[in-house]
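Within every chain, numbering begins at 1; the chains are lettered A, B, ... in the order of the sequence lines, protein sequences first and strands thereafter. Note that the structure is a prediction, hence the values are computed from the model and not measured. Excluded from the calculations below are hydrogen atoms, water molecules and symmetry mates; all remaining heavy atoms, backbone and side chain alike, are included.
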Number of protein chains: 2
Amino acid sequence: MTDERRKFKRESAEARKEALILATLELVADNGVRGATVRGIAQRADVTQGLIRHYFSSKEELIIAAYEHHMNQMTDLTFAPGAAAGSARARLRAFVDGSLTPPVVDPRALALWASFLNKVQNDPQMKETHERTYAYFRDRLEALITAALEEAGRPAPAARLRQLAIACNAVIDGLWLEGGALPDAFAPGELVEIGRHSVAAITGLDLMQEAGT
Amino acid sequence: MTDERRKFKRESAEARKEALILATLELVADNGVRGATVRGIAQRADVTQGLIRHYFSSKEELIIAAYEHHMNQMTDLTFAPGAAAGSARARLRAFVDGSLTPPVVDPRALALWASFLNKVQNDPQMKETHERTYAYFRDRLEALITAALEEAGRPAPAARLRQLAIACNAVIDGLWLEGGALPDAFAPGELVEIGRHSVAAITGLDLMQEAGT
DNA sequence: CGCGTAATTATGCAAGTGTATAATTTCTCC
DNA sequence: GGAGAAATTATACACTTGCATAATTACGCG
């Protein structure tokens, strides 16, 4: 009746790494980076803690991998729907919609963003990932606005395009933030509606009517 | 030559509590809530760790006190300039300006907000503080928008006023966030300018010209 | 089927954590 | 100026943390 050594199953490196990363994201969202302990992560992934060291040379490395995984997932989610289809106006609207709909708008996504912020500002590698992702978002938004304005016969100088992109990005970020922080404060579709109205008002484009292909 | 016991000076309870709270905010901004250790806080406040227990019954209580202190300071800062002066339009513009100028826009303020988010979502007392502060902001903004629209002879129904307030709040939040996250990405006054333009575009009010008293 | 290797578990360690409590110092009041 | 009380320091303790290393197991390959 002595304690038996735990049975286990061998998995591929990719599967194990991904499982550990997902467990890490769960714990980071709930308890912050420091609250995501090696033991807690191992337990969540149904594994003993030593295994983490086998796949990641340190907790720091696991955290960085988890952050990159999360950021990649967020960009994939945002640009999944209607990426390159239809008019510039339709694509702009799809961008707004995707950014303001679950699972992008999500308390857990917000919690992760907040939890990683400290590390992002200090760790150079995480900072690089963050700035790359942020620049990708904003450049893409600026390109969409530029194209939509030209399409409407109302081209604008570069300086103004930059400000429009910053402003639209800010509304979207702000709505994303509030939707994640107060999930029950908004009716379904309300954030999208407000987001469309706001981007339309800022740019002077009409995003509300259903567009042709 | 034996180690001498440390000399100290007695301070009032208020002064000591405030010093401890300020030290706590420093460490929380740098290292997150869990990274703000009791020993670290004591060192920053130039005090030994036992003293913290003398003024706060637990670290949790100190954290909550620090959070409330920070939130109160933020609202005071936002509403300090031109609180009740001038036309509704001027007051709305003062609100935008105050929200998008240092020291409200500040990397440290953003780091604090992010660091506290986890606890805010779990701890009921912190959640209450957060929701009260948020509601205060948005109600105030909605009242300003309502008054400014009436002043301009363009009253709007309640549902629309709510959406306008949400949208304007979102732009301001988003610009605040980006200004704190990327302090060097914006020229001085640029956030204010973009914020004014955006709120003006969303509400249809003219916030750009210098208003009369 | 059995051998070897890599995956996985088990155990241990030194440093750091919050908190409790005892020892000392400072300051007020008479 | 001295006694008493409150503020402050000092010390200790049980627990958690990340990391290192040894012991074992599962599985592919001959």
Side-chain angles (χ1 to χ4, degrees), chain A residues 1-24 26-28 30-67 115 118-119 122-123, chain B residues 1-24 26-28 30-67 115 118-119 122-123:
Chain A
M1 305 320 146
T2 74
D3 292 354
E4 291 195 355
R5 198 181 175 91
R6 176 180 177 145
K7 305 297 182 194
F8 62 91
K9 188 161 159 278
R10 292 165 93 124
E11 302 276 357
S12 74
E14 300 79 45
R16 271 281 132 86
K17 280 191 178 182
E18 170 142 6
L20 288 173
I21 285 174
L22 293 181
T24 302
E26 296 280 331
L27 287 198
V28 168
D30 285 348
N31 309 324
V33 172
R34 299 209 191 212
T37 68
V38 170
R39 284 169 179 79
I41 293 168
Q43 187 174 10
R44 188 82 143 215
D46 202 38
V47 139
T48 54
Q49 56 159 323
L51 194 59
I52 291 181
R53 264 283 284 175
H54 190 256
Y55 286 111
F56 300 92
S57 71
S58 69
K59 177 188 172 182
E60 182 82 5
E61 190 179 307
L62 171 56
I63 293 292
I64 290 175
Y67 178 64
S115 296
N118 272 329
K119 285 230 153 230
N122 295 335
D123 182 285
Chain B
M1 299 311 152
T2 75
D3 293 353
E4 291 195 355
R5 199 182 175 92
R6 176 181 176 143
K7 305 297 182 193
F8 63 91
K9 187 160 159 278
R10 291 165 93 124
E11 302 278 357
S12 74
E14 301 80 46
R16 272 278 132 87
K17 281 190 178 182
E18 171 143 6
L20 289 172
I21 285 175
L22 293 182
T24 302
E26 296 280 331
L27 286 198
V28 169
D30 285 348
N31 310 323
V33 172
R34 301 208 190 213
T37 69
V38 171
R39 284 169 180 79
I41 294 169
Q43 187 173 10
R44 187 82 143 215
D46 201 39
V47 138
T48 54
Q49 56 161 321
L51 194 60
I52 290 181
R53 266 282 286 176
H54 190 255
Y55 285 111
F56 300 93
S57 70
S58 69
K59 177 187 173 183
E60 182 82 6
E61 191 179 307
L62 172 56
I63 294 292
I64 291 175
Y67 179 63
S115 296
N118 273 328
K119 284 226 153 233
N122 295 335
D123 183 285

Interatomic distance where [atom1] belongs to [X] and [atom2] belongs to [N] [whole Å]:
{"X": "B:Ile41", "N": "C:dG18", "atom1": "CD1", "atom2": "P", "value": "8 Å"}
{"X": "B:Leu62", "N": "C:dT19", "atom1": "CG", "atom2": "P", "value": "10 Å"}
{"X": "A:Gln43", "N": "D:dT17", "atom1": "CD", "atom2": "P", "value": "11 Å"}
{"X": "B:Leu27", "N": "C:dT17", "atom1": "CG", "atom2": "C1'", "value": "14 Å"}
{"X": "B:Glu61", "N": "C:dA20", "atom1": "CD", "atom2": "P", "value": "12 Å"}
{"X": "A:Arg53", "N": "C:dA10", "atom1": "CZ", "atom2": "C1'", "value": "16 Å"}
{"X": "A:Leu20", "N": "C:dA7", "atom1": "CG", "atom2": "P", "value": "13 Å"}

- Residues within residues 31-38 of chain A bordering DNA chain D, heavy-atom distance below 4.0 Å: A:Ala36, A:Thr37, A:Val38
Minimum heavy-atom separation for [X] and [Y], please, with both atom names.
{"X": "B:Ala36", "Y": "B:Ile41", "value": "O-CD1, 3.9 Å"}
{"X": "B:Val47", "Y": "B:Arg6", "value": "N-NH2, 3.6 Å"}
{"X": "A:Tyr55", "Y": "A:Glu11", "value": "OH-O, 4.1 Å"}

- Item | B:Glu18 and B:Leu22, any side-chain heavy atoms less than 4.5 Å apart | yes
- Item | A:Asp123 and A:Ile64, any side-chain heavy atoms less than 4.5 Å apart |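 Yes, their side chains come closer than 4.5 Å.
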- Between B:Asp46 and B:Lys9, is a salt bridge (charged side-chain N to carboxylate O under 4.0 Å, His left out) present by the stated rule, with each step listed? CA-CA 11 Å; B:Asp46 201 39; B:Lys9 187 160 159 278; over 6 Å; no
- Message: Let's go through A:Ile52 and A:Lys59 carefully: what are the C-alpha distance in whole Å and the side-chain angles of both, what is the deciding distance for side-chain contact (heavy atoms from CB on, under 4.5 Å) to 0.1 Å, and is it a yes or a no?
- Response: CA-CA 8 Å; A:Ile52 291 181; A:Lys59 177 188 172 182; over 6 Å; no
- Query: For nucleotides 5-12 of chain D, read 5' to 3', which letter fits each nucleotide if B means a protein heavy atom sits under 4.0 Å from the base, S means only the sugar-phosphate is that close, and - means neither?
  - Reply: -BSBBBBB
- Message: Counting neighbours of CD on A:Gln43 that are heavy atoms of other residues, nucleotides or ligands and sit closer than 6.0 Å, is the number greater than 12?
- Response: no
